[in-house]
Number of protein chains: 2
Amino acid sequence: MQRMTRQRLAVSETLAEIPEFVSAQQLHDELTARGDAVGLATVYRTLQALASAGEVDVLRLSDGELAYRRCARREHHHHLVCRACGTTVEIDGLTVEAWASLVGDSHGFTRIEHTVELFGLCPECSAEDAADPETVGEAR
Amino acid sequence: MQRMTRQRLAVSETLAEIPEFVSAQQLHDELTARGDAVGLATVYRTLQALASAGEVDVLRLSDGELAYRRCARREHHHHLVCRACGTTVEIDGLTVEAWASLVGDSHGFTRIEHTVELFGLCPECSAEDAADPETVGEAR
DNA sequence: ATAAGACTGAGAACCGTTGTCAACTTGGTC
DNA sequence: GACCAAGTTGACAACGGTTCTCAGTCTTAT
Ligand SMILES: [Zn+2]
Ligand SMILES: [Zn+2]
Ligand SMILES: [Zn+2]
Ligand SMILES: [Zn+2]
């Protein structure tokens, strides 16, 4: 039976207040900074649980680490993420959904799953980039 | 200046003979099995070099590890990979390419990059799966 | 209040990957 | 061919994110 604990609440609520995708470690740091410390192992466990319950989305950053985000919609969707500041836009991929199953079918594959993520520079970071390409960090 | 060594040749040639995506460690094992041993660090270095030279494709498996494959075409493309046996089909994604830049533009994002991979069960593995869903391994 | 068992957290373990550095090639030069 | 500068190798250590362990703690049903 699932129990309600201070730790789970802290993880869940804090995650809800962060609009960008964050790694388990970043969230752990944030919790600590807020004086709401939770063990790192618990942060990992809780995020996994939230993810497999479909309450949060998981994304694998280019360096391989996992990042989590509480998205507005629970239905399947994709993300457009700013590489410099992390700003994230939720995208529904009707076009890609159709494309994916079409491609799968045409090759006789079944049980198709797809990974589709978009990365770029958001409007603000694009402006900075145009002004001086060197200063635009590639944070994620 | 880049030099030609026994090790680089072994890695490059062996990779060319393996039709599936393989991890650095799998390739290292294969080389050892073929009596053509190459140090693990060298396998990693060589694969990185081949990848950044655009000679091989890199894919991140669901467990996070990197896998490499010498694809037939050097132009940008995507993959449809069998989760059970690794069979891989190269896909060109004209539809997704267009979709990705359209979505990026419509949100004012620039320098869009995309990650698009399809996973499923190939025709043979689909047949096994239909016969007995329990026996179909989920190797990758 | 009590007890069963779910949960926590410090630290160890894990595992893919990268760094280190002395010894070993390779390839151009004489 | 001999020589040398510098690219390359590989055993091993180190790294970083994630998972495991397990004794102690807390939640919840009764
Ligand atoms: Zn989302
Ligand atoms: Zn989708
Ligand atoms: Zn390819
Ligand atoms: Zn593409």
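Just so we're on the same page: letters track the sequence lines, and every chain starts at 1.
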| Are any non-hydrogen side-chain atoms of A/Thr95 and B/Thr95 less than 4.5 angstrom apart? | yes
| note | Residues at least two apart in sequence or cross-chain that pass side chain to side chain donor-acceptor pair (under 3.5 Å) with B/Thr42, listed by chain then number, are B/Arg45
| request: Indicate whether any N or O donor in one side chain lies under 3.5 Å from an N or O acceptor in the other, for B/His77 and B/Asp57. | output: yes
| query | Given the side-chain rings of A/His78 and B/His114, with only the six-membered ring counted for Trp, is the space between their centroids under 6.0 Å? | reply | no
| note | When rounded to whole Å, the CZ to P distance for the pair B/Arg60 and C/dC15 reads 18 Å
| task | Considering only NZ, NE, NH1 and NH2 on the basic side and carboxylate oxygens on the acidic side, decide whether B/Glu17 and B/Arg70 come within less than 4.0 Å. | result | no
Protein-nucleic acid N or O pairs under 3.5 Å, nucleotides 19-22 of chain D:
unit_1 : atom_1 : unit_2  : atom_2 : d
D/dT19 : OP1    : A/Gln48 : OE1    : 3.3
D/dT19 : OP2    : A/Gln48 : OE1    : 2.7

| query | Honestly curious: do A/Trp99 and A/Phe109 fall in one hydrophobic cluster under the side-chain, below-4.5 Å linking rule? | reply | yes
| query | What is the distance from CD of A/Gln25 to P of C/dG9, rounded to the nearest Å? | reply | 16 Å
| request: Provide, to the nearest angstrom, the distance between the CG atom belonging to B/Asp63 and the C1' atom belonging to C/dT17. | output: 13 Å
| said: How many whole angstroms separate atom CE of A/Met1 from atom P of D/dC26? | reply: 19 Å
| message | Quick test of your reading of the model: are B/Arg73 and B/Glu90 salt-bridged, counting only N-O distances below 4.0 Å? | response | yes
| Nearest-angstrom distance from the residue atom CG of B/Leu27 to C1' of C/dG16 | 15 Å
| note | Within residues 3-18 of chain A, those residues having any heavy atom closer than 4.0 Å to DNA chain C are A/Arg3, A/Thr5, A/Arg6, A/Gln7, A/Arg8
| field | N or O in side chain of A/Gln2 less than 4.0 angstrom from D/dT27 OP1/OP2 | value | no
| task | Provide, to the nearest angstrom, the distance between the CG atom belonging to B/Leu61 and the P atom belonging to D/dT18. | result | 16 Å
| Between B/Phe119 and B/His79, does the ring centroid distance fall short of 6.0 Å? | no
| query | Rounded to the Å, how far apart are B/Gln26 CD and C/dG16 P? | reply | 10 Å
| message | Are B/Leu66 and B/Leu27 linked, directly or through intermediate hydrophobic residues, by side-chain heavy-atom contacts shorter than 4.5 Å (ILVMFWY only)? | response | yes
| With respect to the side chain of A/Glu65, which nucleotide from D/dT9, D/dT18, C/dT17 is positioned closest? | D/dT18
| Rounding to a whole Å, what distance do you find between B/Leu47:CG and D/dT9:P? | 12 Å
